[in-house]
Amino acid sequence: QFNATSSTYVSVADNSLLEFGDGSSNNPFTISAWVKRDAGMPNSNMYVVGKSASSSNVDFSYNLQVGNERIVLQLRDDSAFAYSRAYALGLTINDSRWHLVTATFDGSESNEHLGMKLYLDGISETIDSSETEAGFVAMEDLAVPLLIGSNREGTDGSPTQPSFNGSIDEVAVWSRVLTAGEIANLYNSSYYNGGRYIDTGDNFSSSGTSMGSSLSGLWHLDAGTGTSAIDSSGNSLTGTSTAGNPIWITGNITRKFYVQDNGLYNNFGVVDLESATQPTYNSTGGYDGSGAYTFDGLNDYIESTISATT
């Protein structure tokens, strides 16, 4: 994962695969990333991913932001100097733990909440506010890079706004709207896929749609050294840390996953891998070799998150 600081971020060169508007109409997209903000940080919005950069103006097409208690997706009609945005508020993000933040836009502002949806840890959040400024028509196809961890860069390659302060991992952009089920699977599959929750050859179990379908860019941010952020989507959109060497830290997004019973009550349980009460999963264990959990007899448990009803 990439540990951003006040002067470090990743820049991916402009490419049509990362643009979703032409000034007259918009196209759908999904942005997703794992982030970790430390407890006690100021509750200011920090930029996670955005097609946005300029040396002097505020040119940008879109960006995904997180604050201590909020997620924001923001679009911009550059020639009209007008924004369209949606907020999800009252969330818990600044707790020094990893969270999956995901935003979708269906390309049509005529739909509920201007066509935007926001997700935290695979769960659709209530849109508390959405607005479109007068004059907004569509995002524009701007010749600006995609930035990971910042929202502006100057001509010297330095950020002109504060970069994300914390850690960012597994950044992905799709040219389609992922369903709620697919996004839940992105979150849950972090455990079963060895920390890489997206692979172009794997499928979503709920829909059979390939995770690589319409994938514009995928940055695992696992280089561990150097200044390159390799694109694993197959589109060769490798990014570069343009303002100093990033601080590479061992990636570990395997934090929490859900298990579901197959019986009458359709209960869900949650295994929290941040705590000391985690059972150990053996993928070949169990009476039929399909997997089982090992409990230590002391404090391991799986907590049910939904009460059984009849």
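The chain is numbered in sequence order, starting from 1.
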**Student:** Got a donor-acceptor contact below 3.5 angstrom from the N26 side chain to the M139 backbone?
**Tutor:** yes

**Student:** Dump the intermediate steps for side chain to side chain contact (heavy atoms under 4.5 Å, CB included) on Y87 and L118, then the final yes or no.
**Tutor:** CA-CA 8 Å; Y87 300 81; L118 302 172; 5.6 Å; no

**Student:** Without swapping roles, check the side chain of D128 against the backbone of L89 for a donor-acceptor pair under 3.5 Å.
**Tutor:** yes

**Student:** Checking S216 side chain against L18 main chain: does a donor-acceptor pair fall under 3.5 Å?
**Tutor:** no

**Student:** Side chain to side chain contact (heavy atoms under 4.5 Å, CB included) between L64 and I71: does it pass, once the steps are laid out?
**Tutor:** CA-CA 7 Å; L64 174 63; I71 302 173; 3.8 Å; yes

**Student:** Is I31 reachable from L91 through a run of hydrophobic residues whose side-chain heavy atoms are each under 4.5 Å from the next?
**Tutor:** yes

**Student:** Where do A82 and E133 come nearest, in terms of heavy atoms and distance?
**Tutor:** CA-OE1, 3.5 Å

**Student:** Measure the OG-CD distance between S61 and E19 for me, rounded to the nearest 0.5 Å.
**Tutor:** 3.5 Å

**Student:** Do L75 and L114 have side chains that get closer than 4.5 Å, going by heavy atoms?
**Tutor:** no

**Student:** Do I93 and I127 belong together in a cluster built from hydrophobic side chains that touch within less than 4.5 Å?
**Tutor:** yes

**Student:** Grab the two heavy atoms, one from H99 and one from D121, that are nearest each other, plus how far apart they are.
**Tutor:** ND1-OD2, 2.8 Å

**Student:** Evaluate L146 against W219 for side chain to side chain contact (heavy atoms under 4.5 Å, CB included), listing each step before the verdict.
**Tutor:** CA-CA 12 Å; L146 181 89; W219 299 273; 3.6 Å; yes

**Student:** Give the intermediate values and the outcome of side-chain hydrogen bond (donor to acceptor under 3.5 Å, both in side chains) for residues S79 and D77.
**Tutor:** CA-CA 6 Å; S79 55; D77 184 332; 3.3 Å; yes

**Student:** Check whether any side-chain heavy atom of Q65 sits under 4.5 Å from a side-chain heavy atom of R85, and report yes or no.
**Tutor:** no

**Student:** Do NZ/NE/NH1/NH2 and the carboxylate oxygens of D14 and K51 come within less than 4.0 Å?
**Tutor:** yes

**Student:** What pairs meet the salt bridge (Lys or Arg N to Asp or Glu O under 4.0 Å) rule with one or both residues in residues 223-233, with sequence neighbours excluded?
**Tutor:** none

**Student:** If you measure from CZ on F105 to CD on Q74, what distance do you get to the nearest 0.5 Å?
**Tutor:** 13.0 Å

**Student:** For T102 versus L100, what's the shortest heavy-atom pair and its separation?
**Tutor:** OG1-CG, 3.8 Å

**Student:** The test is side chain to side chain contact (heavy atoms under 4.5 Å, CB included); show your working for L120 and V101 and say whether it passes.
**Tutor:** CA-CA 5 Å; L120 179 64; V101 293; 4.0 Å; yes

**Student:** Over 60° means perpendicular and under 30° means parallel, so tell me whether Y62 and F20 are parallel, tilted or perpendicular.
**Tutor:** tilted

**Student:** What is the distance from atom OG of S214 to atom CG of N27, rounded to the nearest 0.5 Å?
**Tutor:** 11.0 Å

**Student:** Between S167 and W98, what is the shortest heavy-atom contact and its length?
**Tutor:** CB-CH2, 3.4 Å

**Student:** Which value, rounded to the nearest 0.5 Å, describes the distance between L221 atom CG and E170 atom CD?
**Tutor:** 7.5 Å

**Student:** Considering non-hydrogen atoms only, spot the tightest contact between G239 and V12 and give its length.
**Tutor:** CA-CG2, 3.8 Å

**Student:** Could you tell me whether the side chain of R176 reaches within less than 4.5 Å of the side chain of S213, counting heavy atoms only?
**Tutor:** yes

**Student:** State whether the side chain of N235 and the backbone N or O of L215 hold a donor-acceptor pair below 3.5 Å, judged by distance alone.
**Tutor:** yes

**Student:** If I compare all heavy atoms of V177 with all of T30, which pair ends up nearest, and what's the gap?
**Tutor:** CA-OG1, 3.4 Å

**Student:** Which value, rounded to the nearest 0.5 Å, describes the distance between T104 atom OG1 and F29 atom CZ?
**Tutor:** 8.5 Å

**Student:** Nearest 0.5 angstrom please: S32 OG to Y119 OH, how far?
**Tutor:** 11.0 Å

